[in-house]
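Down below is the structure, laid out as structure tokens.
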Amino acid sequence: MRIAIAGASGRMGRMLIDAVLAAKDLTLAVALDRPGSAAIGQDAGAPSGISTGVLISDNIEELAQADCLIDFTRPEGTLAHLDACVRHGTKIVIGTTGFDAAGHAAIHAASEKIAVVFAPNMSVGVNATLRLLEMAAKLLNEGYDTEIFEAHHRHKVDAPSGTAIGMGRVIAEARGQKLEDVAVWTRYGETGPRQDGTIGFSVVRGGDIVGDHTVYFCGTGERIEISHRSSSRAGYAEGSVRAARFLGQHERGLFNMQDVLAI
């Protein structure tokens, strides 16, 4: 399977390239980066000391040479890549977060023509955590207040993280709610007592934190915490590779990591 990587010079991009190069059933075919990047023209494997013969390019039409693109960039870049994927019949794994309603609609529309895996977090561990949260939300539906805490590195530009929002959505849906109706995104000043059934979010941005998420179910006399902490981006890369393999079995449709992992 021929794989393209977007954001090839970034931290996640380099991790994805290494994961593809380590997979015997995958071939690195295309490495893309933003126009003006100092990495344009360099071998995609150079940061790892590997000669791949694939040069980093800013020409998205090279996606015609790939079976599947893995993209963890920014919403505007991902949507441009998505358009090219539709033109060339290239499948896509989207790990980018921070899309607005129009971006989500574009992804849904593209999935009618190509196969798409779109998930707020590609980690196998995070997706196992989501299933645990679904179970906990149903069991702790009454008498427990729910709070979601997340922390990421200082360079992350969207908040709360896509994973935290995904956790909130799983909990709300397990309780028959819509997250938009019960989410409390910020607190400041005289907020008054907490309203029953709401889901609060707290955010930290600093240093080089890869990604920490904890959901608190706070009851009377007890507190249940379900946490996932990432010490490396390797888990995201491995999950993305599994998602690309999954798409090899599908021509079109919109899938998430729960589909990929069959959970």
Side-chain angles (χ1 to χ4, degrees), residues 1-34 37 39 44-45 47-48 50 52 54-99 103 106-107 110-111 114-124 126-127 162-163 210-211 230 232-257 259-261:
M1 193 173 186
R2 301 171 299 165
I3 304 297
I5 302 297
S9 69
R11 288 167 295 182
M12 191 64 211
R14 294 196 298 270
M15 189 74 72
L16 288 165
I17 288 170
D18 288 344
V20 171
L21 293 176
K24 295 181 179 180
D25 58 335
L26 304 177
T27 299
L28 181 66
V30 178
L32 298 176
D33 214 343
R34 66 188 185 281
S37 168
S48 300
I50 301 172
T52 66
V54 176
L55 302 183
I56 297 176
S57 170
D58 60 1
N59 180 10
I60 63 175
E61 301 309 322
E62 290 188 10
L63 288 171
Q65 304 170 25
D67 299 310
C68 181
L69 168 67
I70 303 176
D71 192 323
F72 277 74
T73 57
R74 294 284 300 278
E76 59 272 21
T78 300
L79 292 175
H81 298 152
L82 182 66
D83 285 343
C85 285
V86 170
R87 289 198 302 274
H88 298 298
T90 302
K91 302 166 186 180
I92 185 170
V93 174
I94 301 175
T96 305
T97 60
F99 291 99
I107 293 168
S111 71
I114 59 172
V116 179
V117 169
F118 177 38
N121 196 302
M122 297 291 171
S123 159
V124 174
V126 163
N127 283 278
T163 301
V210 175
S230 297
S232 166
R233 292 175 177 80
Y236 308 147
E238 179 55 34
S240 299
V241 166
R242 290 179 67 164
R245 291 190 181 104
F246 172 86
L247 287 183
Q249 307 167 27
H250 301 274
E251 292 303 316
R252 61 185 57 83
L254 182 61
F255 307 95
N256 58 31
M257 282 302 290
D259 299 314
V260 173
L261 301 173

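Note that the structure is a prediction, hence the values are computed from the model and not measured. Residue indices begin at 1 and follow the sequence shown.
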For this session: Give the minimum heavy-atom separation between Ala84 and Leu63, together with the two atoms involved.
Result: CB-CD1, 3.8 Å
For this session: Give the minimum heavy-atom separation between Cys85 and Leu69, together with the two atoms involved.
Result: SG-CD2, 3.9 Å
Exercise. Which pair of non-hydrogen atoms, one from Pro47 and one from Ala44, has the smallest distance, and what is that distance?
Worked result: CD-O, 3.7 Å
Problem set entry | For Gly7 against Asp33, the heavy-atom pair lying closest together | CA-OD1, 4.1 Å
Problem set entry | Phe72 ring center within less than 6.0 Å of Tyr236 ring center | no
Exercise. Going from CZ on Arg34 to CD1 on Ile56, what distance comes out if it is rounded to the nearest 0.5 angstrom?
Worked result: 10.5 Å
For this session: Quick one: sort the Phe118 and Phe99 rings into parallel, tilted or perpendicular, breaks at 30° and 60°.
Result: perpendicular
Problem set entry | Nearest heavy atoms of Val241 and Leu26, plus distance in Å | CG1-CD1, 3.5 Å
Exercise. Are a donor atom and an acceptor atom from the side chains of Gln65 and His88 found within less than 3.5 Å of each other?
Worked result: no
Exercise. Less than 4.5 Å apart, any side-chain heavy atom of Leu261 and any of Arg242?
Worked result: yes
For this session: Indicate the atoms forming the closest heavy-atom contact of Ala66 with Val30, along with that distance.
Result: CB-CG2, 4.4 Å
Exercise. Above 12 or not: heavy atoms from other molecules or residues under 6.0 Å from CZ of Arg245?
Worked result: yes
For this session: Evaluate the side chain to side chain contact (heavy atoms under 4.5 Å, CB included) criterion for residues Asn256 and Asp259: first the C-alpha distance (whole Å), next the side-chain angles of each, then the deciding distance (0.1 Å), finally the verdict.
Result: CA-CA 5 Å; Asn256 58 31; Asp259 299 314; 3.1 Å; yes
Exercise. Would you say the side-chain atoms of Asp71 pair up with the backbone N or O of Ile94, donor to acceptor, closer than 3.5 Å?
Worked result: no
Exercise. Can you tell me how far CD1 of Ile60 sits from CG of Leu82, rounded to the nearest 0.5 angstrom?
Worked result: 10.5 Å
For this session: Flag yes if more than 12 heavy atoms outside Glu251 fall under 6.0 Å of its CD atom; otherwise flag no.
Result: no
Exercise. How far does CD1 of Ile70 sit from OG1 of Thr96, to the nearest 0.5 angstrom?
Worked result: 11.5 Å
Problem set entry | Leu16 vs Ser240 side-chain heavy atoms within contact, under 4.5 Å | yes
Seminar exercise, completed: To the nearest 0.5 Å, atom CD1 of Ile114 lies from atom NZ of Lys91 at 10.0 Å
